[in-house]
Amino acid sequence: MIKKSIIWLHKWLGLTVGLIIFIVSITGCIYVFYDDLKATIYSERYIIQDKVIPANMQVLPLSQLIEIANKNLPEKQKISRVDLYPAKDRTWVFRATKTDKNKMFYHENMVYYKRVFINPYNGKVQYVENTKYEFFQVVLQLHQTLLMGKTVGKTIVSVSTIIFILLTISGLVLWWPKKLKKKIIKKSVWIDYSVKWKRLVYDLHNVLGFQTFLFALTIAYTGLIFAYPSFKDFSINLFNLVDNPTNRKDKKENTIKLNPQNILNESLVFSLKKHPNADMMSIRLRDKDEDEQDVQVRLSKGKTSNFEWYYFNQSSGELTNIKSSKNLQLGNKIAGMNYDLHTGGILGYPTKILAFIVSFVCASLPVTGAIFWWNRRPKKKKKAVIRK
């Protein structure tokens with residue numbers, strides 16, 4: 001009776017959210033290698049096109065580069081974030097975004113999103129991208145909101161992710177062999193491609209679901225952390241309970257004080273000198289009435305979980321805080337790893353490939369499940385033909 005209820009629940013939940021799970025999974029599959037592909041696909045944007053760059057050549061002041069970027073945008077569109085690459089062959093990316101929360105669909109909700117790619121050594125603008133309609137950006141928005149905005153679309157995706165977790169757990173219960181015999185376990189763990197196609201569809205759904213169980217749960221769980229800030233806080237507090245912070249000391253620096261009138265430029269110069277081999281840095285442009293200007297430094301290529309984050313008081317120019325991934329409590333450290341766990345970047349290419357495969361399998365499960373359900377439908381009896 002219990003198993004029948006689980007079968008019924010698994011079937012109808014799967015049919016209800018199957019299409020959404022397919023879209024979210026296949027777009028996640030596509031996006032896994034975006035960071036690796038962008039410099040190749042968009043080389044004219046991300047790679048400096050000038051053939052020779054002197055080793056001692058210095059970047060222009062950030063404020064000057066922001067001014068150049070703003071001049072290449074329509075009057076009411078302003079730069080709000082800068083992504084900087086210390087590598088000599090990389091352009092710097094200046095972002096301008098604005099959203100309208102009252103609009104539902106993506107093309108209206110995203111008022112504008114532009115990226116200006118600039119050679120930081122001579123100020124030459126290499127490309128102005130209308131990111132709102134750039135392929136990978138559309139894929140990302142489809143993944144996060146189904147192009148239906150954060151209010152509606154994000155809620156649908158988040159609820160579907162919760163249902164997917166229930167489907168994954170109930171699927172494991174249904175997969176569990178009745179008898180733990182070697183022959184039965186082998187059929188439950190490995191796919192036999194010699195069977196008839198209907199049985200093969202069932203095995204693809206059953207076996208692949210089992211093989212990717214833990215990885216699929218990890219991707220879904222980390223997705224929920226992105227979706228629900230309160231769930232993120234709960235996870236942080238939960239894992240922090242098992243970590244004793246008494247022996248951990250915050251990272252300290254000698255007193256550093258920059259010119260508050262030039263805080264944007266000097267904070268970047270400080271960060272570049274401190275981490276010349278960093279993968280990238282991000283600066284969100286703060287208003288003058290905000291207390292702090294911060295610089296986020298991503299130390300390792302392709303990983304957001306290895307970072308240093310510097311905070312400067314805008315009034316005094318003093319370095320007030322350094323947030324380092326090395327000094328975090330367990331809960332905060334895991335939260336910092338969330339993006340890498342979700343996209344597979346946590347251990348480099350091996351886990352990225354794994355994330356790609358798991359996402360592809362997750363996309364296949366609604367398809368094989370629907371085919372299996374269709375094949376199992378009660379067949380209509382053919383009416384007997386009465387011959388005269």
Side-chain angles (χ1 to χ4, degrees), residues 45-50 53-98 113-129 131 251-299 301 304 306-324:
R45 307 177 197 184
Y46 286 94
I47 305 299
I48 291 175
Q49 299 300 298
D50 295 349
I53 303 170
N56 60 348
M57 196 170 184
Q58 299 298 312
V59 297
L60 297 175
L62 181 58
S63 56
Q64 183 179 341
L65 293 170
I66 292 171
E67 187 178 346
I68 293 170
N70 280 325
K71 286 180 179 178
N72 283 268
L73 296 173
E75 187 177 349
K76 293 184 179 181
Q77 298 181 13
K78 299 296 180 184
I79 298 300
S80 57
R81 172 174 166 171
V82 187
D83 292 333
L84 322 159
Y85 296 87
K88 285 285 185 181
D89 64 337
R90 294 293 296 269
T91 57
W92 289 5
V93 186
F94 296 75
R95 302 191 195 186
T97 61
K98 183 180 179 181
Y113 185 4
K114 300 285 181 63
R115 286 193 286 201
V116 184
F117 297 80
I118 299 179
N119 180 332
Y121 302 99
N122 59 18
K124 180 182 177 181
V125 176
Q126 288 196 181
Y127 197 87
V128 179
E129 175 188 86
T131 312
K251 192 165 184 178
K252 299 291 184 180
E253 288 273 342
N254 295 327
T255 302
I256 293 171
K257 196 169 184 180
L258 308 178
N259 180 3
Q261 302 302 318
N262 196 27
I263 192 70
L264 195 61
N265 294 327
E266 292 197 9
S267 61
L268 175 59
V269 171
F270 168 84
S271 303
L272 286 170
K273 286 184 177 178
K274 194 80 174 173
H275 305 284
N277 298 317
D279 177 45
M280 70 170 288
M281 302 179 185
S282 291
I283 297 180
R284 289 168 176 80
L285 306 185
R286 307 299 184 184
D287 294 330
K288 292 294 182 182
D289 57 352
E290 293 187 70
D291 291 336
E292 294 178 318
Q293 174 63 56
D294 54 299
V295 180
Q296 184 181 10
V297 183
R298 192 169 76 183
L299 299 171
K301 185 176 181 179
T304 63
N306 187 16
F307 65 86
E308 299 278 328
W309 207 321
Y310 298 95
Y311 297 85
F312 298 89
N313 185 286
Q314 293 210 85
S315 299
S316 66
E318 186 177 348
L319 176 61
T320 56
N321 189 25
I322 302 174
K323 185 179 178 182
S324 173

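Side-chain atoms are counted along with the backbone in the values below, which use heavy atoms only and exclude waters and symmetry mates.
For P260 against S315, the heavy-atom pair with the smallest separation is CB-O, 3.3 Å. Of all heavy-atom pairs spanning R286 and Q314, the tightest one is CB-NE2, 3.8 Å. Scanning all heavy atoms of the two residues, the minimum distance from V297 to S271 falls at CG2-CB, 4.4 Å. Between A96 and L73, the shortest heavy-atom contact is CB-CD1, 3.7 Å. The shortest non-hydrogen separation linking P86 to Y121 is O-OH, 4.4 Å. Of all the heavy atoms in L65 and I118, the pair that sits closest is O-CD1, 3.7 Å.
Distance alone, capped at 3.5 Å, is enough to place a donor-acceptor pair between the N70 side chain and the I79 backbone. Side-chain N or O atoms of Q49 include none that pairs as donor or acceptor with a backbone N or O of Q126 at under 3.5 Å. Between the side chain of R90 and the backbone N or O of Y46, at least one donor-acceptor pair lies under 3.5 Å. Of the possible donor and acceptor atoms, one in the side chain of Q293 sits under 3.5 Å from a partner among the backbone N and O of R284. Of the possible donor and acceptor atoms, one in the side chain of N122 sits under 3.5 Å from a partner among the backbone N and O of K124. The closest donor-acceptor contact from the side chain of D83 to the backbone of S282 lies at 3.5 Å or more, if one exists at all.
Atom CZ of R298 sits about 14.5 Å away from atom CD of E308, to the nearest 0.5 Å. Rounding to the nearest 0.5 Å places OG of S324 at 8.0 Å from CG of N306. Rounding to the nearest 0.5 angstrom, the gap separating the CD1 atom in I47 from the CZ atom in F117 is 11.0 Å. Residue I48 holds its CD1 atom at 9.5 Å from CH2 of W92, rounded to the nearest 0.5 Å. One finds the CD atom of Q261 at 13.0 Å from the CG atom of L264 (value rounded to the nearest 0.5 Å). With values rounded to the nearest 0.5 angstrom, S267 atom OG is found 12.0 Å from E292 atom CD.
By the side-chain hydrogen bond (donor to acceptor under 3.5 Å, both in side chains) test, T304 is found to be paired with D340, residues two or more places apart in sequence or in another chain being considered. Taking the salt bridge (charged side-chain N to carboxylate O under 4.0 Å, His left out) definition, one finds that E266 meets it with nothing, sequence neighbours left out.
Across L272, V295, L62, a single residue satisfies side chain to side chain contact (heavy atoms under 4.5 Å, CB included) together with L84, and that is L62. When each of N321, I263, D294 is tested with F312 by the rule side chain to side chain contact (heavy atoms under 4.5 Å, CB included), just one qualifies, namely I263.
You'll find the side chain of K114 reaches within 4.5 Å of the side chain of P74, heavy atoms only. Between R45 and R115, the closest side-chain pair of non-hydrogen atoms is not below 4.5 Å. With a 4.5 Å cut-off on side-chain heavy atoms, R81 and L285 do not count as touching.
Using a 30° and 60° split on the angle between ring planes, Y310 and F270 fall in the perpendicular class, above 60°. The aromatic rings of W309 and Y311 sit parallel, their planes meeting at an angle under 30°, below the 60° perpendicular limit.
Within 6.0 Å of atom NZ in K323, 12 or fewer heavy atoms from other residues, nucleotides or ligands are found, so the atom counts as exposed in its surroundings.
Side-chain N/O atoms of S63 and N265 include a donor and acceptor closer than 3.5 Å.
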